[in-house]
Engineer: 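Dumping the structure here so I can ask a few things about it.
This is a predicted model, so every value here is computed, not measured. Just the heavy atoms: all of them, side chains too, but no hydrogens, waters or symmetry mates, feed the values below.
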Amino acid sequence: MRQIIKYVAVVVGLAGVACHDALFYGSGTIATPANLSYELEPSGDPNAPRGILLFWDDVADADLAGYRVYSRGGSSGSFGLRGETSSNTFHDNGIPHLQYYVTAVSVDGSESAPSLGITVDERLQLARPASLTSVSLNGAIHLSWADNAYLTNPGRFKWYRIYSTDYDLDAGLCDVAWLLEGTTVAPEFLVSAMGNGIPRCFGVTAVSQEGYESLWSPLRQDTPRPDARNLLVWAFEEDAPQSGFRFWEDLNTDGVLQAAELGRVVNGSRTDIDFWIHRDATDSTLWLVPEFSGTRIRLYGAAPLADLTSIDFAPATGYTRNMIQAVPGYGYVFEIVDGATLRYAALRVTHVGRDYLIFDWSLQTDPGNPELQLRGNLPTVSGTGSTVGEVQVTGNK
């Protein structure tokens, strides 16, 4: 596990430290503060930190009254008094000045010589994460990205910051109201407590030990959706009341998908179900039979799948009303048109017996959205969602 080292910063000597007329010198009756350092407060905009925290070694002197902080906005010119504090830390809110130094003040009002100064240099930013991928989960999105910011400079890496905002699927645009989802030292993050069927846009930055925030990763959009594992459904010829399946049944007719309405095993004789299981009398094979007039099915790929996560985007064509044999390991995609609403669903058969079959399933609750993949608690997966243009984000609005 990577170790987070708090408050470690590169102290850059002032370019003008040899130009004594640019600095203030006190009487020197009290010791000079040592080891001045800093940490920026990221804002989401790499060019506009939210503030800067200065910190230095406390002066161990009974006559110490406090400290004075001086700064200037450029690399030349006079320093001005920025503030005073009785602590050996100082927080300067807003976009920081370019250079700072600190003096100690004694109870008789005398002031020490200035500390070594620091320069806030945006060129110390780490590289932005080079890629960002995502995986749709039930009420969550799993994000992972290239770890290049850490790998190219482990000693200066602090953590990653993850941002999100609303996504307009029809327009293909991310909103400008970005929110901070969290931070992590690993190149992956689980965004949880999300609403299924609601598209979201994501971006990641890398932060150095000094608090410099990188440019944003490529933006990524994805949509959470429900899923379930190891569902058992019987053959109609064996147990008709447990032989039908409906991905979503709006029991209270409120138009809102609720947990109890999803993945329902029902009577196979109903005509409003998505499919039912038929057992062939000649060889006892089991078949998936589309039932609802708006439901069509197609095989996903020509070979067994490692997991339901292997089903990424729903194909645009190739669906049929004909029944298809249920074979262990194979994946199937459903196109469900109910009135003017189009939804996609998927399943992967895990077991086929003589009387019943077991399968994993997923449903995309966002109408018209073809993303079907889930992570399924597996250690590695391929991604869902898609990259959203190479638009550089300029701030956390």
Side-chain angles (χ1 to χ4, degrees), residues 134-141 164-175 177 179 191-202 221-229 231 233 241-276 288-298 308 311-317 319 321 332-347 359-376 384-386 388:
S134 59
V135 175
S136 305
L137 302 175
N138 186 2
I141 295 293
S164 77
T165 189
D166 292 333
Y167 180 70
D168 188 329
L169 184 66
D170 296 326
L173 295 174
C174 300
D175 193 30
L179 301 174
V191 185
S192 57
M194 300 180 67
N196 284 326
I198 301 176
R200 197 78 178 161
C201 199
F202 303 93
Q221 67 83 18
D222 211 331
T223 310
R225 81 289 171 279
D227 66 75
R229 295 281 181 167
L231 192 71
V233 182
Q242 299 293 313
S243 65
F245 185 78
R246 186 160 175 173
F247 289 100
W248 172 43
E249 183 175 7
D250 191 6
L251 297 174
N252 57 6
T253 65
D254 64 353
V256 179
L257 291 95
Q258 289 141 354
E261 300 174 340
L262 295 170
R264 291 180 52 78
V265 178
V266 295
N267 198 310
S269 62
R270 289 172 45 175
T271 59
D272 61 345
I273 59 178
D274 291 310
F275 68 90
W276 54 280
L288 305 171
V289 186
E291 180 61 36
F292 176 62
S293 60
T295 299
R296 298 193 300 167
I297 186 175
R298 63 159 289 164
L308 184 60
I311 303 178
D312 192 348
F313 277 68
T317 60
Y319 297 92
R321 291 280 298 157
Y332 306 83
V333 179
F334 291 80
E335 177 191 70
I336 306 167
V337 180
D338 188 356
T341 302
L342 166 65
R343 286 191 171 88
Y344 293 99
L347 65 83
F359 58 84
D360 302 334
W361 65 271
S362 66
L363 169 69
Q364 178 50 262
T365 59
D366 185 27
N369 193 329
E371 295 169 13
L372 288 168
Q373 195 175 40
L374 68 142
R375 187 164 188 250
T384 60
S386 63
V388 182

Engineer: Could you check whether any side-chain N or O of T223 sits under 3.5 Å from a backbone N or O of G197, counting only pairs where one atom can act as donor and the other as acceptor?
Structural biologist: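 Not confirmed, T223 side chain does not pair with G197 backbone.
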
Engineer: Taking only residues two or more places apart in sequence or in another chain, which ones pass ring-ring contact (aromatic ring centres under 6.0 Å, His included) with F202?
Structural biologist: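 Listed in chain order: nothing, the list is empty.
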
Engineer: I'd like to check the side chain to side chain contact (heavy atoms under 4.5 Å, CB included) partners of T341; sequence neighbours left out, ordered by chain and number.
Structural biologist: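 T341 satisfies side chain to side chain contact (heavy atoms under 4.5 Å, CB included) with R343, P367 only.
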
Engineer: Among residues at least two apart in sequence or on other chains, which ones pass side chain to side chain contact (heavy atoms under 4.5 Å, CB included) with F292?
Structural biologist: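 For F292, the residues satisfying side chain to side chain contact (heavy atoms under 4.5 Å, CB included) (neighbours in sequence not counted) are T295, D338.
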
Engineer: Quick one: pull up CG in L363 and CG in L257 and give me the separation to the nearest 0.5 Å.
Structural biologist: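 Atom-to-atom, L363:CG and L257:CG are 6.5 Å apart.
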
Engineer: Return the set of residues passing salt bridge (Lys or Arg N to Asp or Glu O under 4.0 Å) with R270 (not counting sequence neighbours), or none when no residue passes.
Structural biologist: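 Result, salt bridge (Lys or Arg N to Asp or Glu O under 4.0 Å) vs R270: E249, D272.
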
Engineer: What verdict does the side-chain contact (heavy atoms from CB on, under 4.5 Å) test give for L347 and L231, after you've listed the backbone C-alpha separation in whole Å, the side-chain angles of each residue and the deciding distance to 0.1 Å?
Structural biologist: CA-CA 10 Å; L347 65 83; L231 192 71; over 6 Å; no

Engineer: Once rounded to the nearest 0.5 Å, what's the spacing between atom OG1 of T365 and atom CG of L262?
Structural biologist: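 Going from the OG1 atom of T365 to the CG atom of L262 covers 8.0 Å.
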
Engineer: Which distance, rounded to the nearest 0.5 Å, do you find between the CG of D274 and the CZ of R264?
Structural biologist: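 Result: 12.0 Å between the selected atoms.
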
Engineer: Let me confirm one number: the CG-CZ distance from D360 to R229, rounded to the nearest 0.5 Å.
Structural biologist: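 D360 atom CG to R229 atom CZ measures 4.5 Å (nearest 0.5 Å).
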
Engineer: On a heavy-atom basis, which atom in T165 and which in A177 lie closest, and how many Å separate them?
Structural biologist: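 The answer is OG1-O, 3.0 Å.
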
Engineer: Sequence neighbours excluded, which residues qualify as ring-ring contact (aromatic ring centres under 6.0 Å, His included) partners of Y344?
Structural biologist: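 Counting only residues at least two positions away or on another chain, Y344 forms no ring-ring contact (aromatic ring centres under 6.0 Å, His included).
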
Engineer: Would you say Y319 and V333 make side-chain contact, with heavy atoms under 4.5 Å?
Structural biologist: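 When only atoms from C-beta onward are counted, V333 and Y319 do touch, with a gap below 4.5 Å.
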
Engineer: Checking D366 now: which residues fulfil side chain to side chain donor-acceptor pair (under 3.5 Å) with it, not counting sequence neighbours?
Structural biologist: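 Partners of D366 by the side chain to side chain donor-acceptor pair (under 3.5 Å) criterion, ordered by chain and then number, come out as N369.
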
Engineer: Looking at V233 and Q242, what are the two nearest heavy atoms and their distance?
Structural biologist: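 Shortest heavy-atom separation between V233 and Q242 comes out as CG1-O, 3.4 Å.
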
Engineer: Under the side chain to side chain contact (heavy atoms under 4.5 Å, CB included) rule, collect the residues that match up with D170, sequence neighbours excluded.
Structural biologist: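 With neighbours one apart ignored, the set is D168.
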
Engineer: As an exercise, state the distance from CG of L342 to CD1 of I336, rounded to the nearest 0.5 Å.
Structural biologist: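 The distance works out to 9.0 Å.
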
Engineer: Could you list the residues that satisfy side chain to side chain donor-acceptor pair (under 3.5 Å) with E291, not counting sequence neighbours?
Structural biologist: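 With sequence neighbours excluded, E291 shows a side chain to side chain donor-acceptor pair (under 3.5 Å) to W276, given in chain and number order.
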
Engineer: Please report the closest heavy-atom contact between G139 and P224, naming both atoms and the distance.
Structural biologist: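 Minimum heavy-atom separation between G139 and P224: N-CB, 3.9 Å.
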
Engineer: Please list, chain by chain and in numerical order, all residues satisfying ring-ring contact (aromatic ring centres under 6.0 Å, His included) with F247, sequence neighbours excluded.
Structural biologist: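 F247 satisfies ring-ring contact (aromatic ring centres under 6.0 Å, His included) with F245, F334 only.
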
Engineer: So, for W361 and G263, which heavy atoms are closest and what is the spacing to 0.1 Å?
Structural biologist: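 The pair with the smallest heavy-atom distance is CZ2-CA, 3.4 Å.
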
Engineer: Between CD1 of I141 and OG of S164, what distance do you get to the nearest 0.5 Å?
Structural biologist: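 Reported to 0.5 Å precision, the distance equals 10.5 Å.
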
Engineer: E335: which residues meet the salt bridge (Lys or Arg N to Asp or Glu O under 4.0 Å) condition with it, sequence neighbours left out?
Structural biologist: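 For E335 the salt bridge (Lys or Arg N to Asp or Glu O under 4.0 Å) partners, ignoring immediate neighbours, are R296.
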
Engineer: Can you list everything that forms a salt bridge (Lys or Arg N to Asp or Glu O under 4.0 Å) with R200? Sequence neighbours excluded, please.
Structural biologist: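 Salt bridge (Lys or Arg N to Asp or Glu O under 4.0 Å) check on R200 returns D166.
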
Engineer: What are the two closest heavy atoms between G255 and D250, and how far apart are they?
Structural biologist: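 Reported closest heavy-atom pair: N-OD2, 2.8 Å.
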
Engineer: Who passes side chain to side chain contact (heavy atoms under 4.5 Å, CB included) against P241, sequence neighbours left out?
Structural biologist: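 Applying side chain to side chain contact (heavy atoms under 4.5 Å, CB included) to P241 gives D239, N267.
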
Engineer: Between P199 and L169, what is the shortest heavy-atom contact and its length?
Structural biologist: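 For P199 versus L169, the nearest heavy atoms are CG-CB, 4.3 Å.
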
